[in-house]
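First up is the structure itself, then whatever we jot down about it.
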Amino acid sequence: MAHAATHDHHDHHGAPASFVQRWLLSTNHKDIGTLYLIFSLTMFFIGGAFAMVIRAELFKPGLQLVQPYFFNEMTTMHALVMIFGAIMPAFVGLANWMVPLMVGAPDMALPRMNNLSFWILPFAFIMLLSTLFMPGGGPAGGWTMYPPLSLQGESVAYVIFAIHLMGISSIMGAINIIATILNMRAPGMDLLKMPVFVWSWLITAFLLIAVMPVLAGAVTMLLTDKYFGTNFFNAAGGGDPVLYQHIFWFFGHPEVYIMILPAFGIISEIIPTFSRKPIFGYRAMVFAIASIAFLSFIVWAHHMFAVGLPMGAEIFFMYATMLIAVPTGVKVFNWVSTMWGGSMTFETPMLFSIAFVILFTIGGFSGLMLALAPADFQYHDTYFVVAHFHYVLVTGAAFSIMAAAYYWLPKWSGNMYSETWGKIHFWSSVISVNVLFFPQHFLGLAGMPRRIPDYNVAFANFNMISSIGGFWFGASQLIFLGVVVHCVYFSKKKAADRSWEGAKGLEWTVPSPAPHHTFDVPPVIHDDELAHGDTSH
Amino acid sequence: MTSGGIRRSVTAWAAAACASFGTAAWANPEPNQLNMTKGVSEWSPYALHMVGFWVCVVIGILVFGAMFVAMFRFRKSRGAVAEKWTHSTKLEIVWTVIPVIILIVLAKLATGGLTSFADTTGSEMTIKITGYQWKWRYDYVDYKGKGVDKVGFMSKLEESSDRTRQLKSNLDPAKIQVDGYNTYLLDVDKPLVVPVNTKIRFVIVGGDVIHSWWVPALGWKIDAIPGIANAAWTNIKEPGVYRGQCAELCGQDHGFMPIVVKAVPKAEFEQWLTTQQDEAKVQKAAQTAQTAPAPANQG
Ligand code: HEM
Ligand SMILES: [Cu+2]
Ligand SMILES: [Cu+2]
């Protein structure tokens with residue numbers, strides 16, 4: 001650790017001048033955070049391009065553009081790229097940038113490992129994406145990779161190796177975040193004074209360490225089943241295909257919370273800022289995150305209600321899943337109470353946060369319905385589920401990331417983004433995303449299965465509406481790109497250190513843009529200067 | 001509690017639901033259909049689904065309502081000054097306890113649905129379903145306590161849909177109709193024929209990869225998994241043709257392996273079954289005649 005604290009000793013005031021030194025060999029949390037965010041935005045557009053192919057093929061009945069097998073490659077790749085390439089790295093990038101700034105640390109605890117965890121990712125994704133150009137094609141068995149189907153693919157080995165790399169990257173990132181939060185806080189920054197965002201990442205990091213190895217184990221068993229003659233999941237050899245699903249979802253459900261807990265943290269920073277009122281029920285918020293994380297380990301089989309589990313198991317997993325609605329509800333109620341009695345303004349980050357609260361809650365509602373096992377016998381594997389997870393992931397996780405980008409861009413770049421264009425991006429996104437995903441509830445209830453390239457004429461209208469919403473939403477994200485590029489390179493409006501009137505917390509005490517090195521001397525903590533107010537009473 | 005019980009206990013909910021979503025018991029997906037079908041079987045999760053739905057609607061109105069009031073009243077532009085309070089134990093207890101109570105009610109209803117779904121006892125008939133890439137096989141195992149001899153067949157996407165669904169076929173999916181319903185991708189060469197008012201037990205397995213057998217009008221889907229025999233049951237109350245699809249990704253033609261269940265009056269079914277059995281016998285006889293001609297000649 002001593003080493004980490006003193007690295008770059010001769011270079012106190014600025015970043016290294018050489019490009020290679022600064023970006024490839026970087027050990028600076030801010031630069032690595034930037035790399036993660038750029039990488040994630042790139043993946044967001046690649047994954048988005050796959051989604052456009054999907055929605056174009058589904059624009060009307062009949063196959064117009066792609067063969068069914070290629071369609072399956074698109075759905076599989078879209079999910080893998082968005083989950084592991086866009087959402088997760090974006091949150092890690094935000095943690096890299098903001099956690100040290102929020103706890104008053106000079107850098108991450110393990111800066112060299114930080115560099116390694118980022119630079120693994122581009123290689124993992126080049127490998128994953130390259131399968132699309134190989135003779136056998138990319139993976140087409142769905143992101144869940146259920147055997148025996150996934151083992152019919154030709155690119156299994158590439159995909160599994162890519163997943164191993166992503167897992168290693170995530171685990172190293174998580175260790176780094178835990179080490180930073182537990183060891184590098186400025187004196188006086190007690191655990192229960194940390195911003196909710198830092199808490200949410202501390203808990204998420206433990207989830208990552210717990211479940212990424214489980215995923216690695218599951219896919220390794222796939223690999224040996226395919227190439228080394230084992231029979232873990234091969235019924236003919238005495239194995240059990242359902243075993244894979246248990247292992248996968250033991251990873252998979254905590255994984256979906258890995259993609260939403262940091263979002264809870266972000267929203268809990270932004271809403272108090274623009275309500276000019278401390279977060280309501282700080283301790284309850286932290287406790288809710290922790291209990292959601294705990295419960296996420298005992299609900300995995302709600303993804304398997306239709307595999308024919310024994311009734312006792314269905315009942316257990318149904319009750320446990322329903323229980324998650326309670327802490328989730330607490331969070332929503334507390335956000336609303338934070339707004340109540342505040343003095344609100346509606347800048348772009350706040351608009352995205354408000355949309356998050358409403359639309360994530362709609363995703364939570366469909367989650368609650370899905371948790372009712374007998375009803376899930378109908379909903380499962382239909383567009384109703386597709387609507388559910390896009391409400392929680394797009395209008396949940398992705399919206400929170402956009403909110404965070406608008407919120408902290410002034411700190412990162414030193415410039416204010418264009419509020420007008422930010423608002424145009426917001427309204428265009430929030431309307432189109434509902435045109436895109438809301439009709440999918442109807443399609444699922446009416447009987448349209450997910451992961452199909454073509455459908456009966458009865459499903460035509462809502463699919464066409466959904467596709468129009470999809471193209472519109474996709475195009476709206478180009479506005480986002482424009483706003484970010486303009487803000488960083490062209491904006492004339494300089495940001496104040498405290499870029500938002502109601503913003504509190506250590507990150508707003510350093511200059512904008514945040515200099516290459518911050519908190520070389522630990523800051524002094526004043527309780528009433530913390531984002532969530534004084535929690536001592 | 002049986003699903004009938006669920007239904008009775010929530011008649012009011014369901015009635016309100018029907019009022020807003022129409023009352024038809026759809027056998028096929030309807031154009032612009034908004035809601036789940038009520039189904040035609042004795043067991044249906046429809047009532048539970050509607051209760052869940054209305055619970056969400058009510059909570060949604062309260063929460064979003066409060067949010068909009070807050071956004072209107074507590075705007076800085078209207079001169080609102082931020083208050084200082086940061087918690088209220090009383091409120092926090094209230095909004096923890098009320099959801100718990102609602103969840104207990106939902107859990108009780110859902111548990112009843114699960115119990116009745118799991119109860120395959122007292123069935124009068126058994127059919128074995130096997131999923132293959134990309135068609136279904138149906139084998140009639142027993143009917144009214146007697147074994148059924150060699151009645152089994154493959155059921156796959158019917159030919160005109162299959163031609164139309166080819167990439168750039170330029171054929172119009174809207175033209176594929178049966179009895180005024182569009183049946184594009186929802187029709188097969190040979191449907192599963194079953195009797196009404198009979199408790200039918202299905203034994204469902206996968207022949208190669210995992211598939212999932214789903215007919216919305218029967219109220220459930222269940223996976224067809226290699227090496228595992230799943231069980232489910234239905235008791236169809238109305239004669240009719242009920243359509244569904246494979247619901248578990250099973251490879252390139254996953255979207256093209258529909259399911260059609262034709263429910264007919266018992267007498268008609270029995271007649272159909274006899275014909276099938278006779279045909280099977282004739283076929284078997286023909287086969288034996290073909291494969292063993294030499295000894296016959298010698299004799
Ligand atoms: C109130 C909280 C939630 C409940 C009760 C809930 C419940 C469920 C259930 C029961 C399913 C399985 C549906 C099926 O396949 O039949 C499901 C699927 C899913 N949920 Fe949630 N969920 C909740 C929140 C979330 C959150 C916060 C996320 C992610 C940010 C999420 C992401 C997903 C995803 C990705 C799937 C589909 C996975 C797949 O099959 O590919 N859910 N949810
Ligand atoms: Cu889950
Ligand atoms: Cu299938």
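Not measured: the values here are computed from a predicted model. Proteins come first, then strands; the chains are lettered A, B, ... in the order of their sequence lines, and each starts at number 1.
Interface remark: A/D240 contributes side-chain atoms only to the contact with chain B (heavy atom separation under 4.5 Å). For a residue to count as touching a neighbouring chain, one of its non-hydrogen atoms must lie under 4.5 Å from one of that chain's; by this rule A/T75 does not touch chain B. With a threshold of 4.5 angstrom between heavy atoms, A/L368 approaches chain B through side-chain atoms but not through N, CA, C or O. For a residue to count as touching a neighbouring chain, one of its non-hydrogen atoms must lie under 4.5 Å from one of that chain's; by this rule A/M339 touches chain B with backbone and side chain alike. Residue contact with chain B, scored on non-hydrogen atoms closer than 4.5 Å, involves the backbone of A/Q64 exclusively. The part of A/P453 that comes within reach of chain B is its side chain, from C-beta onward, which places non-hydrogen atoms under 4.5 angstrom from that chain. In this structure, the portion of A/F459 lying under 4.5 Å from any heavy atom of chain B is its side chain and not its backbone. When heavy atoms are compared at a cutoff of 4.5 Å, A/Y146 approaches chain B solely by way of its side chain, counted from C-beta outward. Neither the backbone nor the side chain of A/P439 comes within less than 4.5 Å of any heavy atom in chain B.
B/D162 pairs by the side chain to side chain donor-acceptor pair (under 3.5 Å) definition with B/R165, not counting sequence neighbours. B/H254 meets the side chain to side chain donor-acceptor pair (under 3.5 Å) test with no other residue; sequence neighbours excluded.
A/Y282 and B/H87 have their aromatic ring centers separated by at least 6.0 angstrom.
Atom NZ of residue B/K76 and atom CD of residue A/E501 lie 3.5 Å apart, to the nearest 0.5 angstrom.
Put simply, the side chain of A/Y455 does not reach to within 4.5 Å of the side chain of B/Y184, judged on heavy atoms. At least one side-chain heavy atom of A/T361 sits less than 4.5 Å from a side-chain heavy atom of B/F64. A/W340 places none of its side-chain heavy atoms less than 4.5 Å from the side chain of B/E83.
Side-chain N or O atoms of B/K221 include one that pairs as donor or acceptor with a backbone N or O of A/H380 at under 3.5 Å. Side chain of A/S343 to main chain of B/A80: a donor-acceptor pair is present (N/O by atom type, distance under 3.5 Å, no hydrogens or angles). With hydrogens and angles ignored, the 3.5 Å screen pairs a side-chain donor or acceptor of A/N456 with a backbone N or O of B/N182. Side-chain atoms of A/Q378 come within 3.5 Å of backbone atoms of B/P216 as a donor-acceptor pair (strictly under, hydrogens ignored).
B/P173 approaches A/G62 most closely through the heavy-atom pair CG-N, 4.0 Å. Of all the heavy atoms in A/V307 and B/I225, the pair that sits closest is O-CD1, 3.7 Å.
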